[in-house]
Each structure stands twice: as structure tokens, then as C-alpha cells.
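One structure is given here, and the rest of the page talks about it.
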Amino acid sequence: MSDRGGEAGAIERFRALLRIPTVSRRAPEPTDWSAFEAFRAELARCYPLVHARLELELVAGHSLLYRWPGLEVGDPTLLMAHQDVVPAGEDGWSHPPFAAELVGEGAEQRIWARGAIDDKGMLVAILEAVEGALADGLRPRHDVLLAFGHDEEIGGTGAAAVAELLEARGIRPALVLDEGGAIVEGVFPGIREPLAVIGVCEKGIASVELAVRQQGGHASTPPELTATARLARAVLRISNRPATAALSEPTLRMLETLGPLASGVQGLAFRHARRLRRPLIRIFERLGPETSAMVRTTRAVTRLSGSEADNVLAERATAIVNLRVAVGETLEQALAELRRAIDDPEVETTLVEGGEPAPVSPDAGPAWDRIAASIAAVAPGVVPTPYVQLGASDSRWMSRVSRHVYRFSPFELERAERDALHAIDERIRVATWLRGVRFFRALLERS
């Protein structure tokens, strides 16, 4: 880390960037692009060496692509994060979402802000590490690229454009690292060691519209089954008939990694995961939402609409189902199983947008070893393990240019902190964020 105010200076730069509300929005509510312009200006002010010595391109209007030239020709390292955050609102927050208040003392000191984890924590940690490395005279062996998308939360067109640009230039990164897994404890029974869960793939994502059409009329004379009631029945069936569960290859590899760490029945089951798939699936389903989502396609109904007036029957009632397609399954298979769960030809299902699960990257070899060694350098005793990334990230676009795409945020996150993602009271502990800066410095030194 550079000596520009030491850790205190780094924290203040982080807070300054968190205060800028770079919220990406879907139409019809427009995105305030002036916030992104202010964010870029603040980046240039906070990181003068980065902006003096690295090449910078603006891609798709607002995404940032930096190039730090290396000493030799070779496949580069690509570090990713995104500038945008989800809307916050004001209600329910313990501290205002864009005030970036510093609360607490010592190991419990936290910064409370929208984007503290998702994903300015990663973006600013990367830039702190690069700025410090430049100040110390470090020069990477091969090029280092930094790609900071502008609309990850609403589809990732910026990262897609960056991937297209890299492909056109014949650039194939030796390592791509984006947000994703973290350092966690207590997720699996019988495992005492902290784990660095590194996403070697990620689920597919899709939005599916359910629609029921019916003749309208006055609400005082409803038919036996209204459009909204038929839709509600479909939603209830989706909830009561979850997708088929299975253990994918990356999840089996994770369990085989955890096997030697666990004792008793758990250790035995993990070590023999391939022969004990059925009971392990039942265990995963019972442990909680995170582990349950690891073994199946998930379906969440996120939006509902019906009539525009209180006393008018809906002529068209709709719902949006957010699908996260399991690794090892296709989007087409997930849609077919969704329709079977609904079991009603009067409920139309339309794919609004969607993509397949990302290819699986290897959990061995030079790229994986660089990540593992960088974790060991700053967090001894933490065990790296592959896992299936449950959420979507900008890194999914990079599969077209690299076979070594990983998803790992180098922060130790408690369950309550993970639960605050996309919710109220997002926050991060200062100590773990500073360790994330050191992780990226260690990774740069291996580039």
C-alpha cells in the first residue's frame, strides 16, 4: 500500500468513492450518468499514478479498461470489478446508504454504505494495490488489465463490450478474477477452518414472464378463477415444486477438498461424495438458502402486476420469475422443468432474457495457484476451495477470451454481511477490506 496517508488515507479514499451514488437503473427510470462522470473524476484524483502511467480506454460509453504494460510479451492478467450499485432507498438503513459512515472500533470497525461489498470494495482495493505498486516501482512481468464495468447490476453490456474488444484484439488473459466467493466460516458442518470459496463457474441467469389473459370486467362479478388467481396458483406451484437437485462436478470437487478437513460422519460423507450424492443433496437442502442453491436451479418470483384499478378485473396478469440455472443444466431444460411445475397451459411462459451457465475453469494449474498463493500470503490457514458462484457477474462474458475465469472477493464476510448484499445495511469491516488490498498487491507481485 502506498504511504499516501497509510491505511487511514486508503479508508478515506474508499469512503469518498462510496459517497458517489453510481446507481444503474433499468428504463423507464433513467440512470444518472453524471454520477458516473463524477466517479471517474474522483478516481483520477485519488489514484494519480494509475492515471498517469496506465493506458485508459472508455468502452461502451462508461466502462473503464486500463492497461498496465508488462516487461515481457505474454498473456495478461485481467482484474475486474464494477462501478455501479443497486438502488438503496432510505428506509430501514441504520446509517444513510451513501454517507459511508465509519462506525465502531478496532476489529469491529465497519464502513456502512451501498457498494461497500458489491462492488466498490473490490474496485477500490484493486486500485489501492496498483497505486501502491506503482509508487514502489513494481513492474509486472506481463500486462495487467483492469476492467470496471458500468452496468453489471442491469445486464453487463459494458463488460460484454470489453470482452468483444479483447477478442477482436486477440487478447487471451491467463487469469481473469472478478467478484464472487469470499472468505467464510461456519457454512459447512464439521469444518472449523476458514474457507476461501473461489467460483470456478457461475450459474446461468434468466428472466421469464408468466402471463394469464382473461376477459376483464367489473370486480363485483368475478369469475370462479380470475387471471390473478390463476397466476397466484402458478406462483404457489413454483414455490412448492422446486427444481430437481443434483451435485455438479464443481460442487463434488469442493466436497472432496473439504473432506480431509472434516471429522466424523461429515468428513466420511465429504470424502466419498461421489458415492453418497443422494444423502448429501438432502443435507445441502436443509443447511440453508446458500447451500440449497448450490444443488439446483432456483426460481424466485420477483415482480407481479395485474389490474390498474381497484375495481377492475385484470385482463392480463403477469409475474417475472428470476431463474438461476444450475451448472450441468441448460437454460432450455430449466424452462421445460418450470413449465412442468406450473402445469397449466393457460399460463404463458416467455423468456425475456437469459444465458447459459458459465464454463467451468480448472481448480488446478498456474492461474489457480496464483490465487491460492496470494490468499496464503495475507491469510495463512485459509483453505482455498472451488465452488459454484450462485449470482451472475461480469466475468461470464470473459469465457469467450479465457479458460481461466475465477470469481473471488478477498474479504472475510460474515453471514449477516452476505445477507445485506442488495439489501439494507450493506457494510464491510475495515480490517478485512484492508486485507483485500494486500491480497491484490500479492497477486500483482505474481503477475
Side-chain angles (χ1 to χ4, degrees), residues 1-4 10 13 17 39-83 119 122-150 158-179 365-371 373-374 377 394-395 397-406 408 410 436-447:
M1 190 179 297
S2 134
D3 64 356
R4 296 179 308 131
R13 288 186 288 275
L17 289 159
F39 188 76
R40 292 199 298 272
E42 187 66 13
L43 288 180
R45 187 190 71 80
C46 290
Y47 304 105
L49 292 181
V50 168
H51 289 82
R53 300 186 191 177
L54 273 63
E55 302 166 9
L56 172 59
E57 290 182 76
L58 203 59
V59 181
H62 305 281
S63 287
L64 307 177
L65 178 61
Y66 296 84
R67 175 178 173 263
W68 185 6
L71 294 169
E72 302 174 5
V73 174
D75 293 334
T77 295
L78 173 58
L79 303 180
M80 302 182 67
H82 59 88
Q83 308 166 61
D119 184 36
M122 185 110 161
L123 186 152
V124 181
I126 291 170
L127 287 173
E128 285 289 334
V130 174
E131 184 82 6
L134 288 166
D136 293 341
L138 179 69
R139 183 85 179 271
R141 182 180 177 188
H142 299 141
D143 286 3
V144 172
L145 306 177
L146 314 178
F148 302 146
H150 69 273
V162 170
E164 185 177 349
L165 183 65
L166 297 180
E167 185 176 43
R169 293 175 178 173
I171 296 172
R172 301 194 62 82
L175 167 63
V176 177
L177 184 63
D178 196 5
E179 63 173 333
W368 175 271
D369 291 344
R370 282 174 59 197
I371 298 172
S374 300
D394 273 344
S395 70
W397 303 108
M398 297 305 162
S399 296
R400 65 195 295 176
V401 294
S402 179
R403 291 185 57 252
H404 301 91
V405 180
Y406 300 96
F408 175 67
V437 177
R438 295 193 292 273
F439 164 84
F440 282 113
R441 176 59 184 261
L443 190 67
L444 291 171
E445 290 172 354
R446 293 165 173 78
S447 297

Any donor-acceptor pair under 3.5 Å from [X] side chain to [Y] backbone:
X    : Y    : result
R45  : A41  : no
D119 : H82  : yes
S395 : V405 : no
R139 : P69  : yes

How far apart are the closest heavy atoms of [X] and [Y], and which atoms are they?
X    : Y    : result
M122 : A81  : CG-CB, 4.1 Å
L17  : Y47  : CD1-CE1, 4.1 Å
L177 : F439 : CD2-CE2, 3.8 Å
P173 : S402 : O-OG, 2.9 Å
W397 : A163 : O-CB, 3.4 Å
A159 : M398 : O-CE, 3.6 Å

If the condition is salt bridge (charged side-chain N to carboxylate O under 4.0 Å, His left out), which residues does R141 pass it with, not counting sequence neighbours?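 E72.
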Tell me, please, which residues at least two apart from [X] pass side chain to side chain contact (heavy atoms under 4.5 Å, CB included).
X    : value
R172 : none
L49  : R53, E131, L134, A135
A125 : F411, W433, V437, F440
H62  : W33, R40, H150

Kindly compute the distance separating OG (S447) from CG (L145), expressed to the nearest 0.5 Å.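 Answer rounded to 0.5 Å: 10.5 Å.
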I need the D136 CG to L444 CG distance, nearest 0.5 Å.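 If we round to the nearest 0.5 Å, D136:CG and L444:CG are 11.5 Å apart.
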Once ring pair (Phe, Tyr, Trp, His ring centres under 6.0 Å) is applied, do any residues pair with Y66, and if so which ones, sequence neighbours excluded?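 With neighbours one apart ignored, the set is H51, F148.
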From CA spacing to verdict: side-chain contact (heavy atoms from CB on, under 4.5 Å), L64, F39: CA-CA 11 Å; L64 307 177; F39 188 76; 5.6 Å; no
Is the number of heavy atoms from other residues, nucleotides or ligands within 6.0 Å of CD (E164) greater than 12?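 Atom CD in E164 is not crowded, with 12 or fewer foreign heavy atoms closer than 6.0 Å.
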Hey, is CZ on R67 packed in by over 12 heavy atoms from elsewhere, all under 6.0 Å?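 Check passes, neighbour count above 12.
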Is any side-chain heavy atom of T77 closer than 4.5 Å to a side-chain heavy atom of R370?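 Touching, per the 4.5 Å side-chain cut-off.
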